[in-house]
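Here the structure comes first, spelled out in structure tokens, and everything after it is commentary.
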Amino acid sequence: MSDKPAEYTGPERVFSGVQPSGSLHLGNYLGALKKFVDLQDDHDCVYCIVDLHAVTVWQEPKELANQTRHIAAAFLAAGVDPAKAIIYPQSRVRAHTELAWYFNCVARIGWLNRMTQFKDKAGKNSEKMSVGLYDYPVLQAADILTFKATHVPVGEDQKQHLELSRDIAAKFNNDFDAPGFFPLPEPLIKGPGARVMSLKDGSNKMSKSDPSDLSRINLTDDADLIAKKIRKAKSDAGVIPEAVEELEGRPEVSNLVGIYAALSGKSDADVLTEFAGQGFGAFKPALAELCVEKIAPITQLMNRYLSDPEEIDRILARGADAASEIADPIVGDVRDIMGFWKV
Ligand code: AMP
Ligand code: TRP
């Protein structure tokens, strides 16, 4: 029997990542960025722009660095404070790719075959997708565990990837007789905004890759465009109901009410109490006003940050150094645990 503690007893740490591909939308804001800001005051937080994940599908080389700056500007504009949280691009910290390789040898093919996001993204073309897209969740596990992160704020769509990270951590600890070396990271998903749906179809999530721009509110949309998108959002001929149970079977209505609740910090029930009996002719303008009130300041700040790319680069470079300082020794320990040659 080993005398090592059976469970991880190290410090808590928050880690999350956002891909620099396409512009961010309201789902990213409510499902991720807003949570990042809420956590930074009383947690040790690391927020990564996951450019290595982005290149699992084609990214134009001339645009990639600017896409990274764009996400950094969105983090900063949403209120992530580099004095409190580390912000950096994944490709600048080598620990990610190194640990991903070790994890490739821990994770099982059967585990990856179950990943629904790959199936969704690849569709019928899985043979033509990059190996990286298939391996994407292993790199994600390496992202989290190279910081021994214990908590991961993400939207609902990342739940399965987080379960895989836990499985990889547990198998590594077990295979190498290193109980408690890696924590089993917990997703922080709950709360309003964990799954914001398309404005055009309440059964699909709001997504960067939806061909219809009317399906999402981008953080770069101006007030007129936001109002237009909400006006055109799918609803139904009914009125806002009184009780949460009555939202069942009305996915678009449920989504609009959920967005209002998440943005205003109220519960769905409170929003229903406020608007019960009203039609969408009354509710939609109120929702548009709230969206503009919350999004416009972020858009303005984002533009201000983007007008000074050197400042963004300084923040990212400092963040990358700070991230390496945490991640490199952890990967060094992994090398020792696995028994690689060293002098
Ligand atoms: P991505 O843009 O796919 O890198 O996602 C960045 C973060 O936003 C992840 O934590 C996702 O889970 C979250 N996210 C993406 N789409 C949505 C959505 N429609 N609703 C809530 N969260 C989302
Ligand atoms: N897969 C995540 C997404 O598409 C992005 C991501 C990469 C991530 N690495 C991560 C999220 C680590 C949380 C933790 O949204």
Side-chain angles (χ1 to χ4, degrees), residues 13-36 39 45-57 59 67-68 70-71 74-75 78 80 88-91 93 95-97 99-100 103 115-118 120-121 132-133 135-166 168-169 183 185-210 215-219 251 255 258-259 262-263 323 327:
R13 182 172 286 129
V14 170
F15 180 94
S16 193
V18 176
Q19 297 191 62
S21 51
S23 64
L24 293 180
H25 52 70
L26 188 64
N28 297 129
Y29 175 66
L30 293 173
L33 299 194
K34 195 165 176 296
K35 291 185 199 153
F36 295 1
L39 287 161
C45 295
V46 182
Y47 299 131
C48 182
I49 302 161
V50 291
D51 47 5
L52 299 172
H53 278 102
V55 299
T56 57
V57 296
Q59 301 297 326
Q67 284 284 2
T68 297
H70 185 93
I71 303 295
F75 280 9
V80 177
Y88 74 102
Q90 188 186 26
S91 59
V93 173
H96 292 272
T97 42
L99 188 60
F103 282 175
M115 295 293 115
T116 56
Q117 184 167 305
F118 176 77
D120 291 345
K121 285 194 182 172
L133 189 69
D135 200 33
Y136 178 117
V138 175
L139 178 60
Q140 182 162 346
D143 297 342
I144 297 165
L145 293 165
T146 199
F147 292 92
K148 294 194 174 177
T150 50
H151 295 88
V152 185
V154 280
E156 173 84 32
D157 59 345
Q158 295 303 310
K159 200 167 171 217
Q160 198 186 31
H161 288 166
L162 262 293
E163 279 158 16
L164 184 89
S165 299
R166 293 167 65 87
I168 291 177
E186 280 175 38
L188 299 175
I189 294 178
K190 282 203 185 60
R195 191 165 168 78
V196 178
M197 308 308 281
S198 156
L199 297 179
K200 287 281 153 200
D201 174 358
S203 58
N204 275 334
K205 67 168 187 171
M206 186 177 283
S207 149
K208 291 172 191 171
S209 53
D210 193 312
S215 70
R216 63 185 159 258
I217 290 172
N218 302 303
L219 293 189
N255 188 37
I259 292 174
L263 285 173

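Residues: numbered from 1 along the sequence shown. Since the model is a prediction, treat every value here as computed from it, not as a measurement. We count ligands from 1, going down the list as the structure has it; atoms in each ligand are counted the same way.
The shell of residues lying under 4.0 angstrom from ligand 1, judged by heavy atoms, includes G193. At a 4.0 Å cut-off, not a single heavy atom of M197 sits close enough to ligand 1 to count as contact.
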Atom pairs and distances, donor-acceptor, side-chain atoms in residues 150-157, under 3.5 Å, two or more places apart:
from: T150; atom 1: OG1; to: R13; atom 2: N; distance (Å): 2.9
from: T150; atom 1: OG1; to: R13; atom 2: O; distance (Å): 3.1
from: D157; atom 1: OD2; to: K205; atom 2: NZ; distance (Å): 2.5

Below 3.5 Å, can you tabulate the donor-acceptor pairs from side chains in residues 22-29 to any protein atom, sequence neighbours excluded?
from: H25; atom 1: ND1; to: G27; atom 2: N; distance (Å): 3.0
from: H25; atom 1: ND1; to: N28; atom 2: N; distance (Å): 3.3
from: H25; atom 1: NE2; to: N28; atom 2: OD1; distance (Å): 3.3
from: N28; atom 1: OD1; to: H25; atom 2: N; distance (Å): 3.1

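Within ligand 1, counting atoms from 1 as listed, the ones closer than 4.0 Å to a heavy atom of Q158 are 12 (O). Listed by number with element, the atoms of ligand 1 under 4.0 Å from a non-hydrogen atom of R195 are 20 (N), 21 (C). Here is the list of ligand 2 atoms found below 4.0 Å of a heavy atom in Q19: 4 (O). For ligand 2, the atoms sitting less than 4.0 Å from at least one non-hydrogen atom of V154 are 11 (C), 13 (C), numbered in the order shown with element in parentheses.
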**Item:** Verdict with supporting geometry, L162 and I144, side chain to side chain contact (heavy atoms under 4.5 Å, CB included)
**Value:** CA-CA 9 Å; L162 262 293; I144 297 165; 4.1 Å; yes
**Request:** For the pair K35 and S16, evaluate side chain to side chain contact (heavy atoms under 4.5 Å, CB included) and give the outcome as yes or no after the intermediate values.
**Result:** CA-CA 10 Å; K35 291 185 199 153; S16 193; over 6 Å; no
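Protein heavy atom in closest approach to atom 4 (O) of ligand 2: Y136 OH, 2.9 Å. For atom 8 (C) of ligand 2, the nearest non-hydrogen atom of the protein is Q140 NE2, 3.5 Å. Closest to atom 6 (C) of ligand 2 among all protein heavy atoms lies G17 O, 3.8 Å. Among protein heavy atoms, atom 9 (N) of ligand 2 sits closest to D143 OD2, 2.7 Å.
In this structure, the side chains of K121 and Y136 come closer than 4.5 Å at one or more pairs of heavy atoms. Side chains of F103 and L139 form no contact here, defined as non-hydrogen atoms less than 4.5 Å apart.
For A194, every heavy-atom contact with ligand 1 shorter than 4.0 Å involves the backbone, none the side chain. When heavy-atom distances to ligand 2 are checked against a 4.0 Å cut-off, I144 comes that close only through its side chain, counted from C-beta outward. Counting heavy atoms under 4.0 Å from ligand 1, residue D157 touches it through the side chain alone.
Looking at ligand 2, you won't find any N or O of S16 less than 3.5 Å from one of its N or O atoms.
Looking at every heavy atom in both residues, T68 comes nearest to I49 through O-CD1, 3.7 Å. Residue N255 comes nearest to S198 through the heavy atom pair ND2-O, 3.7 Å, listed as atom of the first residue, atom of the second, then distance. Looking at every heavy atom in both residues, L145 comes nearest to P185 through CD2-CD, 4.0 Å.
Which of K208, Q19, H161 comes nearest to atom 2 (O) of ligand 1 through a heavy atom is settled by distance: it is K208. Residue H53 holds the heavy atom nearest to atom 7 (C) of ligand 2 of all those in H53, Q158, Q117.
There is a side-chain donor-acceptor pair under 3.5 Å between Q158 and Q117.
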